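Just below is one structure, and these are the notes that go with it.
For the numbers below, each heavy atom of this structure counts, side chains included, while hydrogens, waters and symmetry mates do not. Predicted, not measured: the structure shown is a model, and the values here were computed from it. All chains are named by letter (A, B, ...) in the order of the sequence lines, taking the proteins before the strands, and each is independently numbered beginning at 1.
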Amino acid sequence: MTQVFEPAKPIWCAGCGDFGVQASLQKALSETGTNLNDVVIVAGIGCSGTIQNNIPTYGYHSLHGRTLPSAIGVKLANPKLTVIAAGGDGDGYAIGMGHLIHTFKRNPSILYIIMNNETYGLTKGQYSPTSNPGFEGNVENGMDGILVGLGVPSTTFLARGFAGAPAQLTRLLTDGLTHVQSGKGFAFVEVLSPCVTYNDTYKLWKNITYDVDSDTNFNPRDKIGSYTTVINKREEGKIPIGLIYSADHPSLEQVSVDDQEKGPALQDISLASNMDRYEAVMKTFLG
Amino acid sequence: MTQVFEPAKPIWCAGCGDFGVQASLQKALSETGTNLNDVVIVAGIGCSGTIQNNIPTYGYHSLHGRTLPSAIGVKLANPKLTVIAAGGDGDGYAIGMGHLIHTFKRNPSILYIIMNNETYGLTKGQYSPTSNPGFEGNVENGMDGILVGLGVPSTTFLARGFAGAPAQLTRLLTDGLTHVQSGKGFAFVEVLSPCVTYNDTYKLWKNITYDVDSDTNFNPRDKIGSYTTVINKREEGKIPIGLIYSADHPSLEQVSVDDQEKGPALQDISLASNMDRYEAVMKTFLG
Amino acid sequence: MESSRTTVDEDICIMVGGQGGDGSLTVTALLAGLFRRRGLNVYSSRNVLSRIKGGHADGVVRASRNNIKCLGDHVKVVVAFDEEAVLATKDDLDPNATIIFDSSAGELDPKLVDNTVKIYNIPFTKLILAEIRRELFKNSASFAVVGRLLGFPDEEMLQSLNSRYGAKAAPILENNIRAFKIGLEWAGKNGLTAADSTSPNTVDVKQKLLMTGNEAVSYGLLVGGVRFFAGYPITPATDVMEYLQKWFPKFGGVVKQAEDELSAINMALGAALAGARSVIATSGPGLSLIHEGMGQAGAAEIPLVIVDTQRAGPSTGLPTKIEQSDLQTLVYGGHGEFPRFVLTPGSVEDCFNIGRLAPNLAEMYQLPVIIAMDLGICQNTVTIESLDLHSGKIDRGKRLTAEDLAKMPVYGRYSFTDDGVSPYTVPSTENGRFLITGNEHNEFGHVNTDKLNRVKMMEKRSIKMKSALKDLPRGTVYGDESSKIGFIGIGSTYGVILEAMGLLAKEGVSSKYYKPLTILPLEDAIGSFLDGCDEVYVVEQNQSGQLSNLITLKFGRHKQLHNILRFDGNLFRPREISQRVLQIREKQSAIVH
Amino acid sequence: MESSRTTVDEDICIMVGGQGGDGSLTVTALLAGLFRRRGLNVYSSRNVLSRIKGGHADGVVRASRNNIKCLGDHVKVVVAFDEEAVLATKDDLDPNATIIFDSSAGELDPKLVDNTVKIYNIPFTKLILAEIRRELFKNSASFAVVGRLLGFPDEEMLQSLNSRYGAKAAPILENNIRAFKIGLEWAGKNGLTAADSTSPNTVDVKQKLLMTGNEAVSYGLLVGGVRFFAGYPITPATDVMEYLQKWFPKFGGVVKQAEDELSAINMALGAALAGARSVIATSGPGLSLIHEGMGQAGAAEIPLVIVDTQRAGPSTGLPTKIEQSDLQTLVYGGHGEFPRFVLTPGSVEDCFNIGRLAPNLAEMYQLPVIIAMDLGICQNTVTIESLDLHSGKIDRGKRLTAEDLAKMPVYGRYSFTDDGVSPYTVPSTENGRFLITGNEHNEFGHVNTDKLNRVKMMEKRSIKMKSALKDLPRGTVYGDESSKIGFIGIGSTYGVILEAMGLLAKEGVSSKYYKPLTILPLEDAIGSFLDGCDEVYVVEQNQSGQLSNLITLKFGRHKQLHNILRFDGNLFRPREISQRVLQIREKQSAIVH
Ligand SMILES: Cc1ncc(C[n+]2csc(CCOP(=O)(O)OP(=O)(O)O)c2C)c(N)n1
Ligand SMILES: Cc1ncc(C[n+]2csc(CCOP(=O)(O)OP(=O)(O)O)c2C)c(N)n1
Ligand code: SF4
Ligand code: SF4
Ligand SMILES: [Mg+2]
Ligand SMILES: [Mg+2]
């Protein structure tokens, strides 16, 4: 068998939450029986943005903040691929924020894993959009990716996991993969993934996470209920984890790709098989 | 008196909603008794982005989509200015979306008027982020700027006006101006401003707007209530107008500018008055 | 009055102008169609402001039995909806021109133009408002008058209106026809009688294609196998998005309007590495935003075609005006050093050919291929003969199938090769997994900072610029090859230079012209062309002589290189160029003698 | 064993290396402090990967009584926490070097290095784990050993530890001191006894400043009156943000960390037009993103200082490695044509001076002023004499007050003037209202497309490049002015070239060196320098010879211009340059004779 790249040893600091994310993702891939030759992981730039190097799938290290547009390009070119986007909170919530909202809006069947450590790890610990006021001189309120998702009408899957709760995380990623593999749209999974070097929040998060999955009164299909829970828990100083919202909406690839059998990447572009149609187009210029 | 630029004649098509926006804004400026020498209008690129040419204040025609960062720069440099950002739905919700969310998050005391015509007017009528599916080949669900604002925890003022309801619009803009002039933070006012040339929605909007201001059960200080109303009205095919949400949160300039009396633009930067402190800094390099 | 009737046998140029929204461009388009259907060559351009309604706007159409490729120097017929339109064209007016003036607000002051100019005062707006109530139909009335003046039979004009408005809502067609008839009536009143419909000009001629450069490049891209486009509206690039959007549904392609240019280029990079031939098109501000993505294509070796439809900068600049002022940023722009090709079509046929070739080049060499157009070539309409669809081929470069892989012991996405080009796979290929990255990397795509590897990777990428020389498009020499007077120019200066050379020839000055098609890597043929010239005129639509800078850096300073530059946002005119040359030559000879 | 003890009188270079997180850089910083306090000149650099922990990382510190400005050629002492660190410095090792090796995992294989190299095997990790449980304190143990080796009295070393960790939590200081004492003990075991604390080297000397280029440029900006900074973290520009953030609270300034570089540059534009001196700092990918904003500053005439801390590209590239490969994009990047200055500090003093001057230039000429640094000059630490704060001045250019305005009949933000610079106001100025725009505009800032106005505005903006000549920083000639052998180089090549010239002088080759400070508009003095040279060596940290291209375009091809290029991400070494020169000269003379 052809030797292809060997998965790398992670470059993360010992104890980094991203190890947990990688382990759960690999489990989820195997639980869903996904053929790794059909998977493309599109990663951002950041500590988190090196995860694709460690997993034997197709991997693309995109530009900082451009993880989602890159992943959308892959998905639209070949909707049969399992496309996973992965990056940090800086990558996704700062420079990538515009794309994130538009991805919620478009609802492409892509699993997006945002490893939130409330800091910029790779550039050495500056505050990020999710940082609390006071952290490294931050004066702004932290933002909440799930809440942002609830602010866009066509969102279909919003979950939050915690690197310190691996079983749930694996389940959420498995559900996310199932969501995208069945063409249901964008699966957004934020993972609380502590940066032990610049912002070690393991203990804090253990204490303040609130698991909606084990709240029997909680219904993730009730949008207003989800919003209410998120807002109220935030006010109590808690961070909800679990499957927070799910809904149905046509996926981007469904409404954009005319030939559902063969996306643009699989089209026969030989002159011979297209000549008739090319000639027909030329005729339109005869006026 | 020195002759400065003459306000221009608007370049808009006859009947364009933007005429109404301009008229209401001018009224609001006069109702708040604002000194026009203390006002900077930062406009985007688009039909809407020419409004500053027509009003005798300081005016800055920024880059497409960069209206808000530019306005934040102005405000942080000199918090005493009344800063008004104005642009289109393409400018604010497409290319400018990342900045919009971060502006909600930062809460600078800036009035932002987004003239939403659900199309890109100046580039001749392509679909925009607020367009309905089907419009000019759009396949995506339209988004809602107010809902986006409700997805960010530190939002303080969310309103929507309609160019076809000028009295209310003037009131909302006056309230927005008051909000920013009293340093309360970011006042977001989306105006439904029909593009008569590419997307004439006057009649439609007359029919489907729902005025929360005249709904005595509606409380704009109840976040979950606002969210519920917006979601439910959208499902009924209605667009809520009026003051949809208001709250308190420290403003960006308040938490960022150390010298509240004189922002960075007003500092005395002469060598003489700073020499002692410069020398103190130099000493830190002596180790 | 018959005296001022023109026949279509002449080389004739008509300008229709008024306020934006007056429908001037529709009249020129209708006329272009009529001329074309008679087998004439047509060149047509528009001049609008960056606003939707109001402000001066005009269209110009020129028709000739000659193979014209530019506007020429003189306007023979003017249809003016206001005085501003007359003033706008005053300088270019032929002394024997005819002006059809909308006299609703008063007759045209005859002193504004030479007294040899013939003026028809017809109150189009008033007439149409009175009869149809909506002013906008006045252009169809004016069309009737100018059509009669040009000698088109009424029937033929009516047919064009039918084919233009037939698909629209019935009242639109009806009102246009009503307006047209009002126009005919007033033409008659002014002595412009109907032409004979069996006029010799209506003989059956081979139909020509009427195309803009934007249409041609889009069509070339389609035929070149592009199946993914992402973009964000911007003048004058939006057309490309709109044409592909029209065609792709039949070809399994996808056009995605993105939220901005950053998203667009990254979507295209994603689609490209998934195996779809991908293109983006942008201009000015959008171009500046995609520099990072361009570098990513270069560093990560992702095939991508970028169409830059240059417009007048800097910044938001003059969005509806022509310029060729992005050349240096296309060549040098973006941090760090990475390979890329910059191609410069000059004719509409070039646009097609280069549009078709670029996706091959991108995949063969795995880098960004930039097609540098300019607003003139993008938007101006030209008649061309049929395009040869069969001469092209699809070459996907070193793309590996699962079968190819099965024979390979090792596959690394960035393996070192003599030509710098590594074999590549696309996702879903069994056992063809890759790591693609814009960080420096080793042969497998793992991030790597080793010094030796770094140097080898930089050299691998840059050597592609040499490997590709055999495949890059080459320019053409026009004119008198034995002459020692040479022109160099790209894009829409092409047609103007050719015509200027004709004017110079009339003055006894023979010249030649090299139209390069590849400015990065700059064609070696330019060097030989320079060597064969005693004097060289580099004609450019910019302020700093960007093309001439590229030439000088590579080939050294030519003993007599002159820049002929224009940067006021308007196309050169042939006489402007020929006169500049004559002036420069006169000055030189004054110095020499 | 005493034989291998070094005294600080020598020119000595020490490398401390291991895995990222081992604390190597702390040891070099401590040593730099010790040397500096003895009045020595210090130059120090670091070599890290783009990851937080793990992977090879090292720091190098060189100290000398001479005025060194680079790393030099040879490492005399190595502290290695693993074998990789030894291998990393192997090529630069002095034959009589000493290696202090962490032998926790086994002693160093002596065959790895020349047998003239002295090796101390000390199991730092083991010792520290056994005693303190947390490995990270091992660096303080190694500090004790290397300090003893270098002849620093224990007391002096202890003092540095105190001042470094004194402000931290008590256990941190305590553990470092415990580790240090363990180190001392093992130093003793290896025969390295404590030095005499009254050693002659400890005499009172004039304290020097120890600064990186990033510190110096930031400090210059502060003194230059900058009071607004917006940025987005990126290596190696982040420092600038962090220094200003530290200082601004005392000066009424604001630092805003933005959500991306697009936001940052536009915030800075907004603050600048509101009247605050504004700066952004970025690198690589961020630079590519700000091209649009740069053009806006040029077109709309907004004063803005941009610091580009060049790192190795293209794309994400090698984020922690040096390169000078943005020069051409700084000069030509961005669509359309607009004026800008590009300044290139070579020494830490230059960084301060240019940082202080740039805000003046930006306001005097109302355009983007770019300070082009490189990762070497940004991050490397150098001792310098005190900076003269009094020699600068604040010049706000043609800024109008309400009183000035009262005397003017008309105020247009873009009024035409001889030098292209219009008087300007800032908001809140009574009756000073402006319209500022990046669209083409008339004198009042109203959007305008008139041809003549367009040409005048383009010329107005470009003439500023000439008007500024009198105010732009000028370079310096170093070395033997009468020599016909010349060097040209910017940024961190400065110190290396100076030292290479010394090496050449020893070989009997005298030379001179021009260090330009302004590469756009390119200094005329470069032309005269070239004229005075028979051979010129342009030394650059890039692949394509970007500076040399700029020089060649402006001054024509020099008969003998040689590029000495390095693009593997590492700093030049002096001997590398001197040897390249000797080789080239040999080859040339082989040809000539
Ligand atoms: C355009 C651009 N700006 C800045 C950077 C520098 N940069 C690299 S990683 C990073 C942020 C990392 O933070 P995050 O995305 O949260 O990832 P983490 O390292 O925390 O996993 C930044 C700002 C870059 N690579 N590109
Ligand atoms: C970076 C960039 N991309 C694209 C454009 C072209 N452009 C000008 S205006 C505009 C959109 C206008 O739409 P909107 O913001 O909704 O304003 P409107 O004209 O509808 O008021 C676009 C895409 C530009 N100027 N800059
Ligand atoms: S710095 Fe933080 S985010 Fe990065 S690898 Fe280390 S622990 Fe993880
Ligand atoms: S095109 Fe539309 S948005 Fe623009 S001015 Fe006309 S009506 Fe208004
Ligand atoms: Mg992070
Ligand atoms: Mg709009």
Side-chain angles (χ1 to χ4, degrees), chain A residues 1-6 8 11 36-40 42 45 50 52-53 56-63 65-78 80-81 98-99 101-102 256-259 262-267 269-271 274-275 277-282 285-287, chain C residues 33 36-37 207 209-211 215 219 222-223 225 227-228 230 247 249-254 256 258-260 262-263 266-271 273-277 292-293 296 387 389 392-394 405-406 408-412 426-431 433-439 444-446:
Chain A
M1 211 160 78
T2 320
Q3 181 204 327
V4 299
F5 76 89
E6 287 285 326
I11 63 159
L36 298 189
N37 282 314
D38 294 330
V39 178
V40 182
V42 179
I45 302 291
T50 61
Q52 81 292 359
N53 294 319
T57 64
Y58 282 87
Y60 175 44
H61 201 186
S62 76
L63 290 165
R66 313 304 163 201
T67 323
L68 288 173
S70 312
I72 290 175
V74 174
K75 186 71 187 176
L76 288 178
N78 186 354
K80 301 218 154 159
L81 296 171
H99 307 313
I101 299 261
H102 281 272
S256 316
V257 182
D258 288 290
D259 183 346
K262 288 188 296 170
L266 304 180
Q267 292 295 318
I269 59 170
S270 70
L271 279 178
N274 289 280
M275 193 51 81
R277 286 171 294 164
Y278 289 154
E279 276 170 352
V281 171
M282 184 146 68
F285 290 100
L286 288 172
Chain C
R36 185 252 299 250
R37 250 164 270 136
Q207 276 277 55
L209 303 169
L210 188 61
M211 279 185 141
E215 287 169 327
Y219 184 49
L222 174 75
V223 175
R227 291 298 180 267
F228 186 84
W247 300 328
K250 287 204 190 62
F251 293 88
V254 167
K256 188 73 210 128
E259 63 276 32
D260 62 17
L262 301 168
S263 180
N266 284 285
M267 284 184 183
L269 288 169
L273 63 87
R277 292 194 154 191
E292 194 198 12
Q296 173 78 343
L387 296 164
L389 292 179
K393 56 164 186 150
I394 298 289
L405 281 163
M408 295 167 68
V410 185
Y411 164 61
V426 301
S428 259
T429 309
E430 199 62 29
N431 231 338
R433 292 186 304 277
F434 59 57
L435 287 177
I436 290 183
T437 175
N439 285 55
F444 288 107
H446 276 303

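- For Leu273(C), the part lying near chain A is the side chain, with the backbone staying farther off; criterion is any non-hydrogen pair under 4.5 Å.
- By number of non-hydrogen pairs under 4.5 angstrom with chain C, the leading residue of Ala8(A), Ala77(A), Gly263(A), Ser70(A) is Ser70(A).
- Using a 4.5 Å cut-off between heavy atoms, Thr2(A) touches chain C through backbone and side chain atoms alike.
- Of the atoms belonging to Pro249(C), heavy atoms from both backbone and side chain fall under 4.5 Å from chain A.
- Between Gly253(C) and Asp258(A) the shortest heavy-atom distance is O-OD2, 4.1 Å.
- With a 4.5 angstrom heavy-atom cutoff, Lys393(C) touches chain A only via backbone atoms.
- Put simply, of Asn53(A), Asn78(A), Val39(A), the one with the most heavy-atom pairs under 4.5 Å next to chain C is Asn53(A).
- By number of non-hydrogen pairs under 4.5 angstrom with chain C, the leading residue of Val42(A), Leu81(A), Leu36(A) is Leu81(A).
- Per-residue heavy-atom pair counts under 4.5 Å with chain C were compared for His102(A), Met282(A), Met1(A), and the maximum is reached by Met282(A).
- Interface remark: of the candidates Ile45(A), Val281(A), Ile72(A), Leu63(A), Leu63(A) forms the most heavy-atom pairs closer than 4.5 Å to chain C.
- Looking at Leu266(A), neither its backbone nor its side chain comes within 4.5 Å of chain C, counting heavy atoms on both sides.
- Proximity to chain C is limited to the side chain of Val40(A), based on heavy atoms less than 4.5 angstrom apart.
- With sequence neighbours left out, Ile11(A) forms a side chain to side chain contact (heavy atoms under 4.5 Å, CB included) with Thr50(A), Arg51(D).
- Using the six-membered ring where Trp is involved, Phe251(C) and Tyr278(A) have ring planes that are parallel, under 30° apart on the 30 and 60° scheme.
- For a residue to count as touching a neighbouring chain, one of its non-hydrogen atoms must lie under 4.5 Å from one of that chain's; by this rule Ile436(C) touches chain A with backbone and side chain alike.
- One N or O on the side chain of Arg433(C) and one on the backbone of Pro56(A) form a donor-acceptor pair closer than 3.5 Å.
- Interface remark: Leu387(C) contributes backbone and side-chain atoms alike to the contact with chain A (heavy atom separation under 4.5 Å).
- When the candidates Met275(A), Gln52(A), Glu279(A) are compared by the number of heavy-atom contacts under 4.5 Å with chain C, Met275(A) comes out ahead.
- In this structure, chain A has a heavy atom under 4.5 Å from the backbone of Val426(C), while its side chain stays farther away.
- In terms of the ring-ring contact (aromatic ring centres under 6.0 Å, His included) criterion, residue partners of Phe434(C) (sequence neighbours excluded) are, by chain and number, Tyr58(A).
- Of the atoms belonging to Ala406(C), it is backbone heavy atoms, and not side-chain ones, that fall under 4.5 Å from chain A.
- The backbone N or O of Pro264(A) lies less than 3.5 Å from no partner atom in the side chain of Arg277(C), so there is not a single donor-acceptor pair.
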